[in-house]
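Single-structure report; data block below.
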2 protein chains.
Amino acid sequence: MAKKRVSIKDIAKALGVSITTVSFIINGKAREQRISDEVSKKVKDYIKEVGYKPSHVAQSLRLGKSKIIVFMAEDISNQFFSSIARFIEEKAYRNGYKIIYCSTDNDVGKAKELISTFKMRNVDGFIITPTPDLEDVIKDLMEEEFPVVLFDRWLPDVDCSHVIVENKKSAFEGTDHLIKEGVKRPAFISLESDQTQMIDRETGFREAIQQSGVKGLELKLKFHNLAESGPYQELFEFFSKNRDIDGVFFATNYLAFEGLQALDSLGRNIPKDVKVVSFDDHYFFGLFKPKITAIEQPLETISEKLMETILNHIEELDKGYVSRKIILPNKLNIREST
Amino acid sequence: MAKKRVSIKDIAKALGVSITTVSFIINGKAREQRISDEVSKKVKDYIKEVGYKPSHVAQSLRLGKSKIIVFMAEDISNQFFSSIARFIEEKAYRNGYKIIYCSTDNDVGKAKELISTFKMRNVDGFIITPTPDLEDVIKDLMEEEFPVVLFDRWLPDVDCSHVIVENKKSAFEGTDHLIKEGVKRPAFISLESDQTQMIDRETGFREAIQQSGVKGLELKLKFHNLAESGPYQELFEFFSKNRDIDGVFFATNYLAFEGLQALDSLGRNIPKDVKVVSFDDHYFFGLFKPKITAIEQPLETISEKLMETILNHIEELDKGYVSRKIILPNKLNIREST
DNA sequence: TAATTTTGATAAAACCTTTTAGCAGCTTCA
DNA sequence: TGAAGCTGCTAAAAGGTTTTATCAAAATTA
């Protein structure tokens, strides 16, 4: 027995006033529109009595705003993204926005499809981890004046707001830390990817080894999605072929988890034989034996900046777009593995 | 220079036909409504040319359906929930639905607030992990004919659809497994909670020890949210006070992670001194040394059933509500810790 | 007193769809 | 020849809001 939802019209009729009047009162424009306190009170009381709530859908239609922001992650089940999702959610709700999420699996096709379906939904903004080759879509989005903020990585060819971290600098520091701890033959394990975050981490590694004169080694693995088996086997082979490696920098934690297993299978002791640093700190690095040194991204600050930026874009849509590019520092958590 | 979005009206005007005609053609009712193939083609071609996409907001308003489902988790950044979120997302999108997520932190107040804001949004359905004391809100929701499915736990006092797992049976099996491996003094570590999933796991544990005649021990911890520090300290004290414990059943993986650390600090060897089983398998249980025996919930099947159930409720709203109660089996993954 | 301003409100358009009811004009059948 | 049925299409209402333009009555000013 679903009681019919009460609308402004019902209120107006019941109280013998006009729809306009009710709307003004609801929106706090009673004073401004010279509605008498008497009428105002009557309407407010009635609203409370019947528990009226405005229809967001109707508001969306009328105002062209949905109060919905899309959060497009590479994979929402990944700890990094789900943690950000959690922070973002809180900040969004506090500001009256809701979040619709989706995962691209780093696949352009999927990303394009998702973006195009969301455009129809009148969403107010997009927070996106861009897949490779997404430049054109992002440009379109921006031309159509959709607020967009990228994160985790960015697109050099598009002048779009983004929130990222100091990938190069932190990778440099991490590598330098390895070298300072006596590593002579460091390896850099990364993904086959020309996305900015990976490139920057690689550059950081290279600059560090170049500066100190040691000879490094690099391994780039294919992107595995969840369904496939991890890169364990490849890592195992790599480490068994290159016995002289005495330090490893993992470009992302998922590689570290697999790599640590491989090193363990090979009987390499950490940190005695091999020292280890990983990008992207994780709860489990603290539980590992030995505890793993890692670079921690400031998840909450990233989320804060993302929301701040997107809300800024949404709320001053008219006042001329200026992209905001935010680069945040990370923190190197030194633990037992180095 | 945002090009104005084209509407049905624009198409009608441009082509000199009526809005009705265009709408019929768009919705594949041309034949049925005897629109000539000639007109039909003309309209379709034009639509393709200008790239018309219907406004979902207007459709929502007109049809009273938003094609949005709410996914209300305890905490979206928790691996269990984010994994389900990932599966759900996929299944929802394939069926033309979008997912809005939110986290309750197991707090009724927050849950109530969230539900009430979502009601206004004309969402089509709710997938919920109920917090304690949420019965009334769920009842209201159901009375207002909102489709609802609960998961992870359920509310005995409400006849609402749910998808859960065989908590009691699996806890029994896990405990029984410990005992069969020679454990004489098993401990059950859980949360202070009277939610069904925890109660059932506890019952399973109790029945297993009762059946075999061994004497068990229980510890119930407070629910910690993310901001607070974990229950490490309490676990440490518990284990150091009860040196005779030679087997532990953790009711959820987060407790296991903390508990394992505590056991390690105390120098207890696993599995020689203490055998360990945990509810909720996790990628990291396989990386641990030793690898931890755990009960794996069928995440994908849970998600499938959730979507199936909610879609069923959404699409046959009229045909009389019958709650569906689905209980899925888990899998005991025996590893090195037992 | 007449003209003007202020007060307290309202009608109606707009946002974009879907869908019911209906309207000419033509064909068929008795 | 008149009634009934079909064909191809459309007008208009409804869904719930916001906002602009407008209006009558009362109050103020000249």
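Below, chain A is the first sequence line, B the second, and so on; all start at residue 1.
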Between the protein and nucleotides 11-14 of chain D, which nitrogen or oxygen pairs come in under 3.5 angstrom?
{"unit_1": "D:dA11", "atom_1": "N7", "unit_2": "B:T20", "atom_2": "OG1", "d": "3.1"}
{"unit_1": "D:dA11", "atom_1": "N6", "unit_2": "B:T20", "atom_2": "OG1", "d": "2.9"}
{"unit_1": "D:dA12", "atom_1": "N6", "unit_2": "B:T20", "atom_2": "OG1", "d": "3.3"}
{"unit_1": "D:dA14", "atom_1": "N3", "unit_2": "B:R62", "atom_2": "NH1", "d": "3.4"}

Original post:
Any side-chain heavy-atom pair from B:R86 and A:N78 closer than 4.5 angstrom?
Top reply: no

Original post:
So what does A:V39 hit on the nucleic acid, given a heavy-atom distance under 4.0 Å: a base, only sugar-phosphate, or nothing?
Top reply: sugar-phosphate

Subject >> Worked check of side chain to side chain contact (heavy atoms under 4.5 Å, CB included) between B:L114 and B:V70 >> reply: CA-CA 10 Å; B:L114 286 165; B:V70 173; over 6 Å; no

Subject >> Nearest-angstrom distance from the residue atom CD of B:Q33 to C1' of D:dC9 >> reply: 10 Å

Subject >> B:Q59 or B:D37, whichever maps to the more 5' nucleotide of DNA chain D >> reply: B:D37

Original post:
For A:K13 and D:dG16, what is the distance between atoms NZ and P respectively, to the nearest whole Å?
Top reply: 11 Å

Original post:
Counting only side-chain N and O atoms of B:S36, is one of them less than 4.0 Å from OP1 or OP2 of D:dG8?
Top reply: no

**OP:** Would you mind listing every salt bridge (charged side-chain N to carboxylate O under 4.0 Å, His left out) that reaches into residues 23-39 of chain A, with sequence neighbours excluded?
**Re:** A:R31-A:D37

Original post:
What is the nucleic acid contact for B:S55, judged by heavy atoms within less than 4.0 Å: base, sugar-phosphate only, or nothing?
Top reply: sugar-phosphate

Original post:
Hey, is the side chain of B:Y52 poking within less than 4.0 Å of OP1 or OP2 on C:dT17, counting only N and O atoms?
Top reply: yes

Original post:
Going by distance alone, is a donor N or O of one side chain under 3.5 Å from an acceptor N or O of the other, for A:S323 and A:D159?
Top reply: yes

Original post:
Which whole-number value in Å describes the distance from B:L61 CG to C:dC15 C1'?
Top reply: 9 Å

**OP:** Check every strand shown and say whether B:V17 touches a base, only sugar-phosphate, or nothing at a heavy-atom separation below 4.0 Å.
**Re:** sugar-phosphate

Original post:
If you look at every strand shown and take non-hydrogen atoms under 4.0 Å, does A:L63 touch a base, only sugar-phosphate, or nothing?
Top reply: sugar-phosphate

**OP:** Could you tell me the separation between the CE atom of A:M120 and the P atom of C:dC16, rounded to a whole number of Å?
**Re:** 15 Å

Subject >> Reference residue A:D152; test side chain to side chain contact (heavy atoms under 4.5 Å, CB included); the match among A:I164, A:I128, A:T129, A:I84 >> reply: A:T129

**OP:** Could you tell me whether B:K325 atom NZ has more than 12 heavy atoms of other residues or ligands within 6.0 Å of it?
**Re:** yes

Original post:
What is the minimum heavy-atom distance between B:P298 and B:L328, and which atoms define it?
Top reply: CG-CB, 4.0 Å

Original post:
Would you call the rings of A:H162 and A:W154 parallel, tilted or perpendicular if under 30° counts as parallel and over 60° as perpendicular?
Top reply: tilted

Original post:
So which nucleotide from C:dC16, C:dT10, D:dT17 ends up closest to the side chain of A:I35?
Top reply: C:dT10

Just the table, please: protein N/O against nucleotides 23-29 of chain C N/O, every pair under 3.5 Å.
none

Original post:
Should A:S7 be listed as having a side-chain N or O under 4.0 Å from OP1 or OP2 of D:dG15?
Top reply: no

Subject >> Rounded interatomic separation in angstrom, taking CD1 from A:I8 and P from C:dA12 >> reply: 18 Å

Original post:
Which atom pair, heavy atoms only, marks the closest approach of B:K67 to B:D124?
Top reply: N-OD2, 2.6 Å

Original post:
Can a donor-acceptor pair be found between the side chains of B:D75 and B:S77 at a distance below 3.5 Å?
Top reply: yes

Original post:
How close or far is atom P of C:dT17 from atom NZ of B:K53, stated in whole angstroms?
Top reply: 13 Å

**OP:** Return the value, rounded to whole Å, for the distance between atom CG of A:N122 and atom P of C:dT17.
**Re:** 10 Å

**OP:** For B:K29 and D:dC9, give me the distance from atom NZ to atom P, rounded to whole Å.
**Re:** 17 Å

